[in-house]
Amino acid sequence: MSNTSDLSNRTLTLKRTFNAPIELVWEAWTQSEHIAQWWGPKGMKTTVIEHNFEVGGSWKYAMAMPDGSEFISEGVYQAIVEFEKIVSSADFKPMTEGVEIQALFEEDGDRTHFTFNCVHATEAYCQQQEKMGFYNGWGSVFDRLGEFVQK
């Protein structure tokens with residue numbers, strides 16, 4: 001997916017600085033018991049169904065919505081560089097499918113600079129996802145991550 005047209009027109013990006021060392025933020029992203037504590041917007045409970053943290057490994061999480069319906073997120077890890085980046089395909093059914101997510105980590109003493117990119121197949125799909133609430137949804141997820149790593 002990364003080789004098609006201009007990535008900047010197909011990518012939505014969120015940045016955060018977490019007041020936690022990179023090892024702790026990395027652990028929160030890579031260990032099932034931690035992922036279940038912060039993955040998903042506020043008000044959602046996440047169950048890790050599958051989590052094979054290796055290149056080519058699959059992940060699958062179920063999120064229970066407040067109304068009782070379930071929403072599945074899943075993908076396959078494409079690249080992992082310890083304490084630097086995690087790249088994965090991703091489907092967030094039924095809202096978003098066929099995207100690539102990139103979690104980028106940068107150490108800054110006891111803090112971690114974090115960049116999250118979501119790369120879409122087309123510019124139009126990217127714009128549609130932004131209008132659907134990408135920044136609010138993922139912003140809420142990363143607020144939860146920030147709270148989790150600062151406990």
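Fair warning: this is a prediction, and the values are worked out from it, not measured in the lab.
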Atom pair [atom1] ([X]) and [atom2] ([Y]), whose distance is rounded to the nearest 0.5 Å:
X: Phe53; Y: Tyr77; atom1: CZ; atom2: OH; answer: 6.0 Å
X: Leu104; Y: Glu84; atom1: CG; atom2: CD; answer: 8.5 Å
X: Ile80; Y: Trp29; atom1: CD1; atom2: CH2; answer: 11.5 Å
X: His120; Y: Leu7; atom1: NE2; atom2: CG; answer: 12.0 Å
X: Lys85; Y: Gln78; atom1: NZ; atom2: CD; answer: 10.5 Å
X: Asp143; Y: Phe148; atom1: CG; atom2: CZ; answer: 15.0 Å

Met95 atom CE, neighbour heavy-atom count above 12 within 6.0 Å: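 At most 12 heavy atoms, drawn from other residues, nucleotides or ligands, come within 6.0 Å of this atom.
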Just by distance, do the side chain of [X] and the backbone of [Y] share a donor-acceptor pair under 3.5 Å?
X: Thr30; Y: Trp26; value: yes
X: Tyr125; Y: Glu97; value: yes
X: Asp6; Y: Ser8; value: yes

Just jot down the salt bridge (Lys or Arg N to Asp or Glu O under 4.0 Å) partners of Asp108, sequence neighbours excluded, or say none.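 Partners of Asp108 under the salt bridge (Lys or Arg N to Asp or Glu O under 4.0 Å) test: Arg111.
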Determine, using ring centers only, whether Phe116 and Phe142 are less than 6.0 Å apart.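 Yes, the ring of Phe142 comes within the 6.0 Å limit of the ring of Phe116, centre to centre.
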What I'd like to find out is whether the side chain of [X] reaches to under 4.5 Å of the side chain of [Y], using heavy atoms alone.
X: Val99; Y: Phe92; value: yes
X: Thr17; Y: Phe114; value: no
X: Thr115; Y: Phe105; value: no
X: Cys126; Y: Asn9; value: no

Does the side chain of Asn117 pick up a donor-acceptor pair with the side chain of Thr11 at under 3.5 Å?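 No, no side-chain donor-acceptor pair sits under 3.5 Å.
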Which heavy atom of Ile72 sits nearest to which heavy atom of Ala62, and what is that distance?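 Closest pair (atom of Ile72, atom of Ala62, distance): CD1-CB, 3.8 Å.
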Taking all non-hydrogen atoms of both residues, which atom of Leu14 and which atom of Gly139 are closest, and how far apart?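 In this case the closest contact between Leu14 and Gly139 is CD1-N, 3.7 Å.
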Exercise answer: donor-acceptor pairs, residues 32-49 side-chain atoms, under 3.5 Å, sequence neighbours excluded:
from, atom 1, to, atom 2, distance (Å)
His34, NE2, Glu27, OE2, 3.2
Trp38, NE1, Ala28, O, 3.0
Trp39, NE1, Ser73, OG, 3.3
Lys42, NZ, Glu147, OE2, 3.0
Thr46, OG1, Trp39, O, 2.4

Sorted by first residue and then second, give each side-chain hydrogen bond (donor to acceptor under 3.5 Å, both in side chains) pair with at least one member in residues 57-70; sequence neighbours left out.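 For residues 57-70: His51-Tyr61, Trp59-Ser88, Asp67-Ser69.
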List the steps, then state whether side chain to side chain donor-acceptor pair (under 3.5 Å) holds for Gln102 with Glu100. CA-CA 7 Å; Gln102 304 167 350; Glu100 176 181 284; 2.6 Å; yes
Do Met132 and Met63 sit in one hydrophobic cluster, given that two such residues count as connected whenever their side-chain heavy atoms are within less than 4.5 Å of each other, even indirectly?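 Per the 4.5 Å side-chain linkage, Met132 and Met63 are co-clustered.
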